[in-house]
Structures are given as structure tokens and as C-alpha cells.
Enquirer: 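Below you'll find the structure I mean.
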Amino acid sequence: SSEVNDDTCTVIFRKTVRNTTDADITIREVGLTGSVSPKHLMKRQVLIYREVLEEPVTIAPGDSATLRITIRHALPV
């Protein structure tokens, strides 16, 4: 989702992660990637944004959690 006010643009990305293993999983960081394809080269994934979580998120087997990345950018005056 996104929101624009007088001087700031806010974009929110959400991803739900489900633990399908038999053990807890711990998420310590989240990232946002994109694809680039320079002329005559193979498409590549690039890391656009990365954040280390202040508190890791532990997901028990069979459970899920929704993670969120919020990016705020000041608009030019």
C-alpha cells in the first residue's frame, strides 16, 4: 500500500511467512529485492532494502507471521 501527504511518500510492503517445517524458524532480518536486466545480460536479483529486526520473530511449526517493511521518503520541495 502507499500514502502520499504534503511532504512525504510512504510505501508499505507486506509478506506472510508460513512455517511448514517441524521446528521453529527465526527471522532476524527482512529485505526487498528487485530484478534488473542490463542489455545482453541475464536477469539478476538485486537487494534494494534490508532491515535487521530489533526483535527476531520466531514462528512455530504450522504457524505464520506477516512481516512488514515501511519506507518513507521526503518529497522534493
Enquirer: Do Phe13 and Val57 sit in one hydrophobic cluster, given that two such residues count as connected whenever their side-chain heavy atoms are within less than 4.5 Å of each other, even indirectly?
Expert: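 Linked within one cluster.
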
Enquirer: Can you list, pair by pair, the side-chain donor-acceptor contacts under 3.5 Å of residues 27-35, counting residues two or more places apart and other chains?
Expert:
| from | atom 1 | to | atom 2 | distance (Å) |
| --- | --- | --- | --- | --- |
| Glu29 | OE1 | Arg50 | NH2 | 3.3 |
| Glu29 | OE2 | Arg50 | NE | 2.8 |
| Thr33 | OG1 | Gln45 | NE2 | 3.3 |
| Ser35 | OG | Gln45 | OE1 | 2.5 |

Enquirer: Can you tell me how far OG1 of Thr58 sits from CD of Glu55, rounded to the nearest 0.5 angstrom?
Expert: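 Result: 10.0 Å between the selected atoms.
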
Enquirer: Just jot down the salt bridge (charged side-chain N to carboxylate O under 4.0 Å, His left out) partners of Glu54, sequence neighbours excluded, or say none.
Expert: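 In terms of salt bridge (charged side-chain N to carboxylate O under 4.0 Å, His left out), with neighbours along the sequence ignored, Glu54 is linked to no residue.
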
Enquirer: Does Asn5 use its side chain to pair, donor to acceptor, with the backbone of Cys9 at less than 3.5 Å?
Expert: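 Between the backbone of Cys9 and the side chain of Asn5 there is no qualifying donor-acceptor contact (under 3.5 Å).
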
Enquirer: Indicate, with yes or no, if Ile48 and Ile12 share a hydrophobic cluster defined by side-chain heavy-atom contacts under 4.5 Å among Ile, Leu, Val, Met, Phe, Trp and Tyr.
Expert: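 Ile12 and Ile48: separate clusters.
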
Enquirer: On a heavy-atom basis, which atom in Asp24 and which in Pro61 lie closest, and how many Å separate them?
Expert: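 Of all heavy-atom pairs spanning Asp24 and Pro61, the closest is OD1-CD, 3.3 Å.
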
Enquirer: Identify every side-chain donor-acceptor pair in residues 62-77 under 3.5 Å, counting partners at least two apart or on other chains, and give the distances.
Expert:
| from | atom 1 | to | atom 2 | distance (Å) |
| --- | --- | --- | --- | --- |
| Thr66 | OG1 | Thr16 | OG1 | 2.9 |

